[in-house]
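Structure first, commentary second.
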Amino acid sequence: MAANKSFSRLRSAFYIFTRKHHNYCVGIIGAPFSKGQRRDGVQRGPDLIRAAGLVQKLKGQGCIVKDYGNLTFEDIPDDEPVGRVKMPRAVGRANELLAGAVHKVKSDGNTCVMLGGDHSLAIGSISGHAASRNELSVIWVDAHADINTPLTTPTGNIHGQPLSYLIHELHSKIPILPNFSWIKPCIAAKDIVYIGLRDVDPEEHYIMQYLGIKTFSMTDVDRLGIAKVMEQTCEHMFSKVKKPIHLSFDIDALDPSVSPATGTPVAGGLTYREGIYITEHTCQTGLLSAVDMVEVNPKQGRTEDEINSTVTAAVDLLLACFGRVREGSHKPDYKIPNP
C-alpha cells in the first residue's frame, strides 16, 4: 500500500512537472554581432541555430514561441581603440540596441533567448533583462571569466570584459568609454555563479577573489560532480531571496570535442551531458528568465561535422532550458546549410 501511494505521488509530481514545463512563452532575439572580439564568423551564429530547427523544436515540446528576428547593427567607421579597449563605439551602440530589444521581449511576458554573436553582448542582454526585473541572479557558464576591466584586459577585446561593466562593486574601476554612458551597473557580485572555468587571467583571479564571487572551475566539476555543483549553485543563489535567473552560456564552456566551432576553445571542458544537466537543472528551478547562447562560430570549424556538432549542442542546451527531458529526446539530424 505504501509503495502504491509513493508511486502515485511520483506520478502526480511528474504530471505537474511536465505540464508546468510545457507552457513556456519564449521570445527569441538574434544578435549577429562580432566586434567584441577579432574572429569573423560568429555573427552567423543566430541564423545557424535557427536553421537547426530551434523554433520548431521548442514548439514541439509545448512552448509558445515568438521570434523577434535579428537586430541590425550599424557600421561605425573610425572606431579607434580607447586605451586598450578595441571597438568600443560599435560594442557600446550594439549593446544599447540589444538592451532595448531584450526589455521588449521581457515586457511582452516572454523568457528571453538571445542568440549571439560574441559574449560582449551579455552587456546589453543582462542590462535589458535587469531593466525589466530589477535584481537578478546570473549563472555564467564559460571557459573564461570575462571579468577583465578596461584597465586589466590583456587583449582589449570586450568579449572578455562584459561582467565588469555590469557589477556594482566594479563601477569605480570602469573608465569613461564612448557609447558606454547608458550602461548602469545592475548585478551584485554575490548574485553571480561561474561554472566551467579553466582559462582565467591572473587579474581576473584577483577580481573574483576580491569580490568573493562563487566559482566552480572544471577542477571543482571533476571533484564534486555536476549534480553537486548545481545543488550548491542553487543553495548559494537562493540562500536569501529567490531572484529571476539569467543564464549566460558560452558554447566554449563545452569541451572542444563537443563544440569545436568557437573562437577561443579550451581543452578539458564540460561534457555534453554536463552541459545539458546544467540547463535542465536551471529549468527545474522555475526561475529561468533569460538565456544567452553565444560564441558559435562556423568559420572556426575545420569540417562540416565540427560545425554541426557545435550548433546541435547549442540547440540541445536551449531545448533543455525549456523542459526537454532526455528520456524522450532523439539524436538531431541537422545539416548545416550552404552559406
Side-chain angles (χ1 to χ4, degrees), residues 24-36 42-43 45-47 49-50 54-55 58 63-74 90-142 146 158-159 161-168 179-188 191-192 243-251 279 282-283 285 287-296 314-315 317-318 321-322:
Y24 282 102
C25 295
V26 183
I28 298 172
I29 186 73
F33 183 77
S34 64
K35 294 184 179 178
V42 74
Q43 70 276 8
D47 289 341
I49 292 170
R50 285 192 183 93
L54 176 64
V55 173
L58 284 170
C63 298
I64 300 166
V65 184
K66 180 175 180 179
D67 191 343
Y68 290 74
N70 284 349
L71 297 173
T72 301
F73 300 109
E74 63 184 283
V91 174
R93 181 68 189 98
N95 276 289
E96 185 175 15
L97 184 65
L98 176 59
V102 170
H103 188 270
K104 165 66 175 168
V105 173
K106 292 304 303 172
S107 297
D108 289 346
N110 298 307
T111 300
C112 183
V113 174
M114 187 277 285
L115 305 177
D118 70 62
H119 217 165
S120 70
L121 293 162
I123 297 170
S125 182
I126 294 175
S127 292
H129 188 189
S132 68
R133 292 295 182 271
N134 295 319
E135 292 186 313
L136 301 174
S137 294
V138 175
I139 302 177
W140 194 275
V141 187
D142 202 326
D146 294 351
I158 300 179
H159 79 155
Q161 307 169 40
L163 274 171
S164 72
Y165 300 96
L166 300 169
I167 296 173
H168 292 292
N179 290 354
F180 274 64
S181 61
W182 64 274
I183 300 172
K184 309 299 179 190
C186 56
I187 51 177
D191 293 323
I192 300 167
K243 301 172 184 176
I245 295 172
H246 188 110
L247 174 62
S248 200
F249 205 115
D250 188 322
I251 202 67
T279 50
T282 304
C283 168
T285 66
L287 291 169
L288 182 62
S289 185
V291 187
D292 306 327
M293 183 57 62
V294 298
E295 298 284 358
V296 172
V315 172
L317 290 166
L318 290 169
C321 285
F322 297 101

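- In this structure a side-chain-to-backbone donor-acceptor pair under 3.5 Å is present from Asn95 to Gly124.
- Relative ring orientation between Tyr24 and Phe322 is described as perpendicular, the plane-to-plane angle rising above 60° on a 0-90° scale split at 30° and 60°.
- Atom-to-atom distance recorded for Leu318:CG and Leu54:CG is 5.5 Å, nearest 0.5 angstrom.
- Ring pair Phe33/Phe73 is perpendicular by interplanar angle, where above 60° counts as perpendicular and below 30° as parallel.
- How far CG of Leu287 is from CG of Leu136: 11.5 Å, rounded to the nearest 0.5 Å.
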**Q.** side chain to side chain contact (heavy atoms under 4.5 Å, CB included) evaluation trace for Asn70 with Arg50
**A.** CA-CA 11 Å; Asn70 284 349; Arg50 285 192 183 93; 2.6 Å; yes

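- Here the side chain of Trp182 pairs a donor or acceptor atom with the backbone of Gly92 at under 3.5 angstrom.
- Counting heavy atoms from C-beta on, the side chains of Ile158 and Ile123 come closer than 4.5 Å.
- Judged purely by distance below 3.5 Å, without hydrogens or angles, the side chains of Asp108 and Tyr68 pair a donor atom with an acceptor atom.
- With hydrogens and angles disregarded, no donor-acceptor distance shorter than 3.5 Å links the side chain of Lys106 to the backbone of Ala290.
- The two residues Leu97 and Thr72 come nearest to each other via the heavy atoms CD2-O, 3.4 Å.
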Q) What do the steps show when you test Leu121 against Asp292 for side chain to side chain contact (heavy atoms under 4.5 Å, CB included), and what is the final call? A) CA-CA 9 Å; Leu121 293 162; Asp292 306 327; over 6 Å; no

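- Looking at Ile187 and Ile167, their side chains come closer than 4.5 Å, going by heavy atoms from C-beta outward.
- Between Pro32 and Asp47, every side-chain heavy-atom pair lies at or beyond the 4.5 Å cut-off.
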Q: May I have the step-by-step check of side chain to side chain contact (heavy atoms under 4.5 Å, CB included) for Ser125 and His246, ending in yes or no?
A: CA-CA 9 Å; Ser125 182; His246 188 110; 3.2 Å; yes

Q: Check step by step if side chain to side chain contact (heavy atoms under 4.5 Å, CB included) holds for His159 and Asp146.
A: CA-CA 7 Å; His159 79 155; Asp146 294 351; 5.9 Å; no

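- In this structure, the side chains of Ser248 and His119 come closer than 4.5 Å at one or more pairs of heavy atoms.
- Atom CD of Glu295 and atom OG of Ser34 lie 10.0 Å apart (nearest 0.5 Å).
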